Participant: 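Have a look at this one before I ask anything.
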Amino acid sequence: MTTPRKERTGVLLSRAAALIVVVTVVGLLPWLSGRDPALSVLRARSAEQEPTEEALRAVREQLGLESGPVALLGNWFGAVVRGDLGRSWVSGGEVLPSVLSGLGVSLALMGAALFLALVLACSLCARTLIRGARGTLDTNGGGGTGAPAAALAALPEFLIATLLMVALSVWLGWFPPYGWQEPRHLVLPALALGIPAGGLLGRLAEDALPAVFAERWVELWRSSGCTPGRIGRAALRRALPAVLPQLGLVAVGLTGGAVAVETVFAVPGIGRTALGAAESQDLPLLQGSVLALVLLGLLAGLIAQTARRWMLGPGLRDASLSLPARRPARAGRLRVAVPVACAVLLVVVIGWGLLLDPLYVDTAARLGAPGGAHPLGTDALGRDVLARVGHGAATTVGIAVLVCLGSYLLALIVGFLPALASGASETANAVPPVIAGILVAAVLGPGPLGASIAVALVSWPALAAHAAALVQETRAAGHLTAQRAIGSPPRWILLHHLLPAVAGPVARHAVLRLPGIALALASLGFLGLGAQPPAPEWGLTLSESLPYVERAPWAVLTPAAMLLLLAMLAVSLSTLPAPAAGRGPIARVRARALRPERSTAR
């Protein structure tokens, strides 16, 4: 049996292995991409210079490329130990000052975002905490803020950044849209990063608190005359250890989201530095930037785990903290109507747009306002926005379906190997999706294929971890022990008991992740790492229209609204109650297990 100490050691080793793998892949990028590194550097330094053999040879000699990738990577690792990140291949300057400068900006931005996230999370769960402390909370129904919190958590950072820029900078003029010169420039980027992080933490806390208030000690304390304030503080301390591990994931999300947010607001942070280095194949600068981003995520996860162990105390330090499950709430008409309305609206807009030509250019109607000829206006080239949104669904949602299906099938296979699933999940949690997109795009080049692979790399581990947990639980069930005792073959148990118990719940999990996968693909398209012009992909369409947001906000708001509908669809599906316990696949499996004579007859 694995001890908690061994589990913690395995987590640290898996994260260290993830860091080494990521840095190694970054070091081999110029050779993995199949392009001449000397040619990429020469073009980044001067696009006008002729790439003659003499010029390329001079670049190779200057950078030491002739020694090969292994020797170059080994030298870089040795220099990192001495605190030297090398010199930029493009500018020739030292990498360490650039990384430290960008890291300082990003740390200030992430610190402000984390503060806003905590404030928002406290606001979302305050009502549940107060009602629970006073004894007026329905511990089965929750506090009622789960759906709003989930809605905020589902919004991608680049979409929030775009909406904030349009509303607070362009329309109201309260904050500057670009730059990093004064404290006012910090507000919008921090909000864009902090809102989804606060929504996630608020939802987790709101889900954990009703289960805490349902425990017997709460009623005992209340009958003993304890004040609501004391009960609330104790309940919060009881629920926080279950939420604290998610702070590490939130920090990883902040590092990944910082790349998009810094790009939108032109913030000179480490994320924007990494993206620029990947585009120019400035290997030393890219290595240093990615190393800093991954270390940020790993450090935040380690701090969260340490805080959780401290809050649990020595008595519970080696025990897993579990909270009692709540009965699922009944699905009201509004809960069912929201996903239906979102789905219908998406289908109508997409179907209408599919009837139009997304590539037709009308130069006389550039940045045209919505009207009879163009119901949603035109973009900077005079192309119909409705047509591009309709045809972009095939790229954004269609590819997301394929990625989701591939992740689901791979998760079912890997889920039967719990150790591998756990290690893969830890590795994926240490690498933000945007960083995976940067690395894959540097190897395969920007495009739908590279974006799909990048999103798939960080999508399947969560499903595999879910499948592994279900496999482990089902294998330990009493009815399977009975099946083995009566001589049922392993193949029969696998096909008729394990797979039915695992495939259904993981499939529902995968469907709930489908809009999130589509949003992740859109974020890579927004950063230029996914579909390329003139493809009508939603993220790319939004990115192309962003420079003209002051003159034609409809060209930005239309793809943003489609992405927002996707996020709302994901939220509404995730908040629907699961199937009743007596109707689910596990219940059917257990019912069949009560008829062993039928099983053995086959």
Side-chain angles (χ1 to χ4, degrees), residues 147-148 150-160 162-163 166 196 199 331 333-359 370 374-379 383-405 407-408 448 451-452 455 459 507-526 530-531 535-545 553-576:
L152 297 177
L155 296 176
E157 291 85 358
F158 80 94
L159 178 58
I160 298 178
T162 303
L163 296 176
V166 172
R333 292 182 178 180
L334 181 61
R335 276 184 151 183
V336 177
V338 170
V340 172
C342 291
V344 169
L345 191 55
L346 281 170
V347 170
V348 170
V349 174
I350 292 171
W352 191 0
L354 288 174
L355 302 176
L356 307 174
D357 186 358
L359 301 179
H374 305 285
L376 296 179
T378 59
D379 62 7
R383 297 172 298 191
D384 189 88
V385 173
L386 177 60
R388 294 187 64 76
V389 165
H391 287 267
T395 304
T396 305
V397 182
I399 295 179
V401 171
L402 296 178
V403 172
C404 186
L405 179 60
S407 300
Y408 169 70
S452 303
V455 174
S459 297
R508 289 192 294 271
H509 187 180
V511 171
L512 293 179
R513 284 186 170 270
L514 178 60
I517 292 174
L519 293 173
L521 290 170
S523 67
L524 294 181
F526 176 80
E537 195 269 336
W538 289 351
L540 178 61
T541 301
L542 196 155
S543 177
E544 290 176 336
S545 302
W554 51 84
V556 174
L557 292 178
T558 299
M562 300 300 289
L563 293 171
L564 188 61
L565 282 175
L566 264 181
M568 291 176 61
L569 180 61
V571 170
S572 56
L573 288 175
S574 65
T575 55
L576 287 177

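Please read these numbers as outputs of a predicted model, since none were measured by experiment. Nothing fancy with the numbering, it's 1 onward along the sequence.
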Participant: Of all residues at least two apart in sequence or in a different chain, which pass the side chain to side chain contact (heavy atoms under 4.5 Å, CB included) check with His374?
Facilitator: Asp362, Ala365, Thr378, Asp384
Participant: In Å and rounded to the nearest 0.5 Å, what is the OG1 to CG distance from Thr558 to Leu563?
Facilitator: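 Here the interatomic distance stands at 11.0 Å.
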Participant: Are Val349 and Leu565 side-chain neighbours, meaning at least one heavy-atom pair lies under 4.5 Å?
Facilitator: no
Participant: Please examine the side chains of Leu376 and Val389, heavy atoms only from C-beta on, and report whether any two atoms are closer than 4.5 Å.
Facilitator: no
Participant: Hey, are the side chains of Ser452 and Leu402 touching, using non-hydrogen atoms and a 4.5 Å cut-off?
Facilitator: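 When only atoms from C-beta onward are counted, Leu402 and Ser452 do not touch, as no gap falls below 4.5 Å.
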Participant: Shortest non-hydrogen contact from His391 to Pro536?
Facilitator: CB-CG, 3.9 Å
Participant: Is there any salt bridge (charged side-chain N to carboxylate O under 4.0 Å, His left out) pair reaching into residues 535-545, and which pairs are they, with sequence neighbours excluded?
Facilitator: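 Listed by first then second residue: Arg383-Glu544, Arg388-Glu544.
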Participant: Decide yes or no on side chain to side chain contact (heavy atoms under 4.5 Å, CB included) for Ile350 and Met562, but give the supporting numbers first.
Facilitator: CA-CA 9 Å; Ile350 292 171; Met562 300 300 289; 4.0 Å; yes
Participant: Mind listing the closest non-hydrogen atom pair of Pro370 and Pro375 along with its distance?
Facilitator: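 The answer is CB-O, 3.2 Å.
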Participant: What is the minimum heavy-atom distance between Leu521 and Ala451, and which atoms define it?
Facilitator: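 Between these two residues, the closest heavy atoms are CD2-O, 3.6 Å.
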Participant: Could you list the residues that satisfy side chain to side chain contact (heavy atoms under 4.5 Å, CB included) with Leu163, not counting sequence neighbours?
Facilitator: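 Leu163 satisfies side chain to side chain contact (heavy atoms under 4.5 Å, CB included) with Leu159, Leu557, Ala560 once adjacent residues are dropped.
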Participant: Please find the pair of heavy atoms, one from Trp538 and one from Pro559, that lie closest to each other, and give the distance.
Facilitator: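 What the structure gives for the nearest pair is O-CB, 3.8 Å.
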Participant: Are the side chain of Ser543 and the backbone N or O of Gly539 linked by a donor-acceptor pair below 3.5 Å?
Facilitator: no
